[in-house]
**Student:** 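Can you keep this structure in mind? I'll have questions shortly.
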Amino acid sequence: MDTDLNLWQSQALAALQGVTEFLPVSSSGHLVLLRKIFGWSDDGGLVFDTVLHGGSLLAILIYFWREWLAIFRVYLSWSKIDNRQSTIENSYYLRLPWLVLLATVPVVFAAPVLKPILESDEIIRNTSITGMSMIMTALLFLLAEYRPRPAAPDTKMTIWHALFIGLMQIVALLPGASRSGWTTSGGILTGQKREEAVRFAFYMAVPAIAGAIVFQTKDILAMQGSAADPAALIGGFAVSFITSLAAIHFCLKFFRVHSLRPFAVYLIIIGLLAIFLK
């Protein structure tokens, strides 16, 4: 593996990535800070990063297997529409893939254009930008939580809502700006229930993480003489998968009764620490 990380450091990064990929605290920001604090290498590691993303992607696919099966059933007409509840559920599962696809379109166009800037250590990948992005994310959480509540308790997601949430995902390309946090906040701002906004953010993670894997794989294939430590890769995948599963489950339970405010306070503290960490 093109990195100076030892085995236990690699597993620590895998655990951190798996947890923070879904908690609204920014995986990229925490990885930058962990490497900075302990002086760990940030050189290369594309193979390892791709494997970690694979673990997180598998966790989403397995955790939400019922939802994926429901979508297939609706589109293949396996389930009958025999009552009002079934009609509502079928309508939801018919629309869901298209809403996720639409919400993904903005970042598909923006990511390749912004990629050279976002990967620049001098411009973007530093603790100051990471800290400011974390504080900006915290302020967004507070805005979402203190927004005026919609008159209707259950606001149906429209294509415009999905597009708005997708635009929020572009900002989340910044290190320190949580993807799940920005997309969840976007859902809340459009009138979705907090738990449903979190769930839709996780659905959006499937094409987002899959796209990241594709881009990373292309870069890996273009590399010359890239080697990988099998033990680090297997261990990293397993740790990322397990911690991702735990993080998804925790978030869905937590946000049924709690708000984003605790995470806002946490990000402000960590963001300030990052800004003053030279």
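Given the structure is predicted, the values throughout are model-derived calculations rather than measurements.
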**Student:** I'd like to know if the side chain of Ser240 and the backbone of Phe237 have a donor-acceptor N/O pair within less than 3.5 Å.
**Tutor:** no

**Student:** Do the side chain of Tyr75 and the main chain of Leu94 share a donor and acceptor less than 3.5 angstrom apart?
**Tutor:** yes

**Student:** Of the non-hydrogen atoms in Ala14 and Leu52, which two are nearest, and what is the gap between them?
**Tutor:** CB-CD2, 3.4 Å

**Student:** Is the side chain of Arg95 donor-acceptor paired with the backbone N or O of Tyr92 at a distance under 3.5 Å, no angle test?
**Tutor:** no

**Student:** If you look at every heavy atom in Ser244 and Ala59, which pair is closest and at what distance?
**Tutor:** CB-CB, 3.6 Å

**Student:** When you measure from the side chain of Ser185 to the backbone of Gly181, do you find a donor-acceptor pair of N or O atoms at a distance under 3.5 Å?
**Tutor:** yes

**Student:** Ignoring hydrogens, what is the shortest heavy-atom contact between Ile268 and Ala138? Give both atom names and the distance.
**Tutor:** CG1-CB, 3.5 Å

**Student:** Take Arg73 and Leu69, measure what side-chain contact (heavy atoms from CB on, under 4.5 Å) needs, and give me the verdict at the end.
**Tutor:** CA-CA 6 Å; Arg73 281 178 171 173; Leu69 182 59; 3.9 Å; yes

**Student:** Restricting to non-hydrogen atoms, name the atom on Leu102 and the atom on Ala162 that form the minimum distance, rounded to 0.1 Å.
**Tutor:** CD2-CB, 4.3 Å

**Student:** Could you walk me through whether Glu21 and Gln17 pass side-chain hydrogen bond (donor to acceptor under 3.5 Å, both in side chains), step by step?
**Tutor:** CA-CA 6 Å; Glu21 180 70 37; Gln17 196 275 338; 2.8 Å; yes

**Student:** Dump the intermediate steps for side-chain contact (heavy atoms from CB on, under 4.5 Å) on Ile60 and Ile248, then the final yes or no.
**Tutor:** CA-CA 8 Å; Ile60 303 176; Ile248 294 170; 3.9 Å; yes

**Student:** For residues Leu273 and Leu23: do they belong to one hydrophobic cluster (side chain heavy atoms under 4.5 Å, members Ile, Leu, Val, Met, Phe, Trp, Tyr)?
**Tutor:** no

**Student:** Could you check whether any side-chain N or O of Arg179 sits under 3.5 Å from a backbone N or O of Gln169, counting only pairs where one atom can act as donor and the other as acceptor?
**Tutor:** no

**Student:** For Val100 and Thr104, run side-chain contact (heavy atoms from CB on, under 4.5 Å): C-alpha distance rounded to whole Å, both residues' side-chain angles, the deciding distance at 0.1 Å, then the answer.
**Tutor:** CA-CA 6 Å; Val100 172; Thr104 305; 4.2 Å; yes

**Student:** Val25 and Thr20: which non-hydrogen atoms are nearest, and at how many Å?
**Tutor:** CG2-CG2, 3.7 Å

**Student:** How many angstroms lie between atom CD1 of Ile135 and atom CG of Leu140, to the nearest 0.5 angstrom?
**Tutor:** 14.0 Å

**Student:** Would Phe200 and Thr184 count as a side-chain contact (heavy atoms from CB on, under 4.5 Å) if you check the C-alpha gap in whole Å, the side-chain angles of each, and the deciding distance to 0.1 Å?
**Tutor:** CA-CA 8 Å; Phe200 187 75; Thr184 296; over 6 Å; no

**Student:** Can you get from Ile159 to Leu163 by hopping between Ile, Leu, Val, Met, Phe, Trp and Tyr side chains that sit under 4.5 Å apart?
**Tutor:** yes

**Student:** Taking His161's backbone N and O only, do any of them form a donor-acceptor pair with Thr158's side chain (distance below 3.5 Å, no angle check)?
**Tutor:** yes

**Student:** So that I know where these two stand, are Phe263 and Phe255 an aromatic pair - ring centroids less than 6.0 Å apart?
**Tutor:** yes

**Student:** Can you confirm if the aromatic rings of His30 and Tyr266 lie within a centre distance of less than 6.0 Å?
**Tutor:** yes

**Student:** For Phe254, does the six-membered ring have the charged nitrogen or CZ of Arg194 within the cation-pi criterion, i.e. under 6.0 angstrom from the centroid and within 45° of the normal?
**Tutor:** no

**Student:** Would you say the ring centroid of Phe22 lies under 6.0 angstrom from that of Phe202?
**Tutor:** yes

**Student:** For the ring pair Tyr93 and Trp68, is the centre-to-centre distance below 6.0 Å?
**Tutor:** no

**Student:** Given Leu114, which partner from the list Leu174, Val107, Ile170 fulfils the side chain to side chain contact (heavy atoms under 4.5 Å, CB included) test?
**Tutor:** Ile170

